[in-house]
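Lettering follows sequence order; numbering is per chain, from 1.
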Amino acid sequence: MSSFLAYTIFGLFSGAAYAIAASGLVLTYTTTRVFNIAHGAFGMVLSYLFWDFSVKQGLPIWLSLVLVLFVVAPAIGWFIARFVAKGLGEAPVSVSLVVTVGLLVGCIGFATQVYKPEARTVLPFFPETSFSLGETNITAHQVITILASIAVAVGLYLLLNRTRIGTAMRASVDNPELLKLFGGKPEAVATLSWMIGISLAGLGGILLVSTVGLDTYSLTLLVINAYAAAMLGRLKSLPLTFLGAMGLGLLSSYAPVYLPQEGLIGSVDNVVPALFLFIVIVAMPQAQLRIGQVKGIVSAPLPSLPKALGWGAALLVFVALLSGTASEANLLLVGTAATYAIVMLSLVLLTGYGGHVSLAQFTFAGVGALTYAKLDEPNLYGLLVSALVAAGVGALVALPVLRLTGLYLALSTLAFAAIMDKMLFQADFAFGFNGTLPAERLSILGMSITSTSGYVFVMAAFFVLMAFALLLVRRGVIGRMLIAMRDSPAACGTLGLDMRWFRVGLFAASAGMAGLAGGLYAGLRQSVGAAEFQFFNSLPLLLLAVVLGVTSVTGAALGGTGLMLLYNYPDAQGLLFILIAVGAVLLGRNPNGLAIYLFRLGNWLQGRLGPVLLSRLPALPADDERPASRNDDSVVEEDETTVTSTVVAGRPAGEPREVPAHVAR
Amino acid sequence: MSIPILEVVDLHASYGRIEVLRGVDLTIPKGAVMALLGPNGGGKSTLTKIISGQKAPTSGHVHLAGVNLRDAAPEDLARVGLCTVPEGRSVFPNLTVEENLTLMSYAGVPAEAVLETAFAYFPRLLERRKQLAGTMSGGEQQMLAMSRALASDPALLLLDELSMGLAPLIVDELYETVAQIAQSGVSILCIEQFARTALRVSDYAAVMTGGRIVATGEPEEIMATMSDVILGGAA
Ligand SMILES: Nc1ncnc2c1ncn2[C@@H]1O[C@H](COP(=O)(O)OP(=O)(O)OP(=O)(O)O)[C@@H](O)[C@H]1O
Ligand SMILES: [Mg+2]
């Protein structure tokens, strides 16, 4: 009995800390409509800073707390509100999510750069003090945490219901324009809520850090608890959020003790928060469609078929040249980039064309890789089965969340990915705990491809073929339906299109593409493990895909290359982070990502350089008396190739400008 | 003559490439009530958006009590005494009546005074102080909206189609309130489709169509000469 009490106390303590963090998340979401995926990451960074101030610099604990919670955290919140999150609430979910994913990646990048791995400990507050409660003890730190959560709850209640600025916070969600006419300042209100939100993330992190340890990833991932609690309150009710957090704290505390420890069930306690999140989202009532809202995403230009063919061929030639010269290690990297690029193609279909955000694409790739390795049929048949199994899993995920849209859908895929990662992939019948499985290279029609260079070429060929298939789909009826549903789901509903089953198909197709990439990857590496498909990796994947252009095939090619560089070239990281930051900010203006600027550059060059070259080149045979027209023809051809190659330089991309999409529609 | 409270000079505005205001000139003397009439799509709401600072003009000037309003933010204008009641329901549907009234204190009058004035004028609001504004009837919502005009003692009041979607009886009631506000010396620009109702409370009237003011004058003159435009021709 006393041990039960001890677990209860521990559960209440962690629940209280989750509640503090979760209420910060809810506060920013309700006032700005931006769901801050990076909430936990900020808690993590602030915990590191707390360690820095209190342990490394040796400042008194209270001063460090004040500095972190009342100076640094509000400053970060102010910065985000002013420069990052402004206007994001109105943007499509894929954009607002991706920008905060960018913040998350930035936080982790910051923490890993500044705080190199070493042993660090943060002691609990008043480590010596505890009070006895019957046969068990409750530490002063635990008491402080629970009291702090009560203080936060009361404080937020008073702020939101008893003060004018708090009322203005709720008003600005409804109608910021009207608030301005009242004389209120929606921007100041948003800034305040970001400041408080980040500060609460920091408080939650600091209260937990003595238990969790100062670890970048575990601290960041604590946020799943906050997501889950916030979801129970439907992202608006603070009391329900607190209830959810407490329940989750207790569940996580009891689960390792009272659940059987064998088999698949034994690993449930690793995924309690993710499971809770998934169940809460699935059980949520119908998410409302925003009626009458047409999202003004200008579609990326769709290339004409000959152009796409030309670019595809150019990419293949490029890879062929590369595979002739590069070393084995570099070839593996090119293959990895191709894998990422194919997974990003699956996002082009799902997110770019379909408008749904998935945070589980790597998990689908993992399913593909697992199937490929287990099946031990290293041929097209095996690859096809891998893709089909992944597609089936994709459909399975989409089914329970049929009714959900936007943010809820994205978070449910995140929860699903976490569950797969922690439970299934690490199970004995799958990759095994920390284990790997051998896989053989593919053979096509009886011809086995053993050399790495050949295999990489085949992967590039798969990318090009799938990109083609995707462009064909986009041009057809299905493509038009996809775009229509993305831009105005409500209107499609009134037209009688059943979007839900269509969406299951879409998810399945996208998961299948990712699964195929996973199968190819298994063959490339010849041994794969769960570590390569951690759910967390789907976040940078989505980030790079969207930043570089999730609405175009070119974006996928660039994104795949970028992600590979990010993971494997520490020297390139700084540059990539700048690129990502710029891209993420530009997303607010044009959700087509950086690729669109590339297309514009191409157009511009064609418009600019074209006439210039045109006027120069004929100057040579100026005294030639032959009819000008024939001359001009050849010149035009010549300088088109010139322009093209300028754009190609270093960009093995698949898709140039051309017919604007609305023409094709 | 003293400085007019509002002076609009050769104002042009457009949405994208479509020019909606094409040289609007309008003057409201201090303390006067001006009715602005005209067919749908004439640009009346656009004009209020520009005066209240929600939209930037492409050219031209707006002076409020002699001060040029170039680049002024709507919240700042609201704090110096410009009260705008925009088209449609201008209350926060998910806040209670009382909370809506509390927010009206941003215009400079303490919250207690706002509550007191509002409840004195509209006892019905007192009964419903804890009700969400969005769940009240359209007429009650407009009463709540009018409370801001009443309580904040503005220098200029912009009313854009108070009557939208309301029964004539309630419209008359609301215009009683407008008349009362006018009597306290507040200058009002009042945009209305119910021309007769609006003209009854106003000192001057102007007719706007096609992005220009095509006539100004006393209410009777306007009624006599422009009745074809304001009573339905163009719409
Ligand atoms: N946000 C907008 N984008 C594009 N055009 C607009 C926008 N708002 C108004 N317009 C156009 O500007 C013109 C003037 O509109 P405005 O709302 O000012 O007219 P109004 O005189 O208030 O009409 P009503 O009596 O119907 O309220 C209309 O042709 C309208 O279509
Ligand atoms: Mg109007």
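Per-residue heavy-atom pair counts under 4.5 Å with chain A were compared for B:S90, B:G134, B:S152, and the maximum is reached by B:S90. If you tally non-hydrogen atom pairs under 4.5 Å between each of B:T102, B:D76, B:L103, B:L77 and chain A, the highest count goes to B:L103.
Residue A:W194 is tested with A:I80, A:V189, A:L27 for a side-chain contact (heavy atoms from CB on, under 4.5 Å); the sole match is A:I80.
Heavy-atom distances place no part of B:T96 under 4.5 Å from chain A, backbone and side chain included. Heavy atoms of A:D174 lying under 4.5 Å from chain B belong exclusively to its side chain. Using a 4.5 Å cut-off between heavy atoms, B:V91 contacts chain A through its backbone alone, with no side-chain atom that close.
Geometrically, A:R164 engages B:Y106 in a cation-pi contact defined by less than 6.0 Å to the ring centre and at most 45° from the axis.
Salt bridge status for A:E177 with A:K180: present, with a side-chain N to carboxylate O gap under 4.0 Å.
Scanning both residues, B:S52 and B:T84, for their nearest heavy atoms gives CB-OG1, 3.4 Å. Scanning both residues, A:L407 and A:L97, for their nearest heavy atoms gives CD1-CD2, 3.9 Å.
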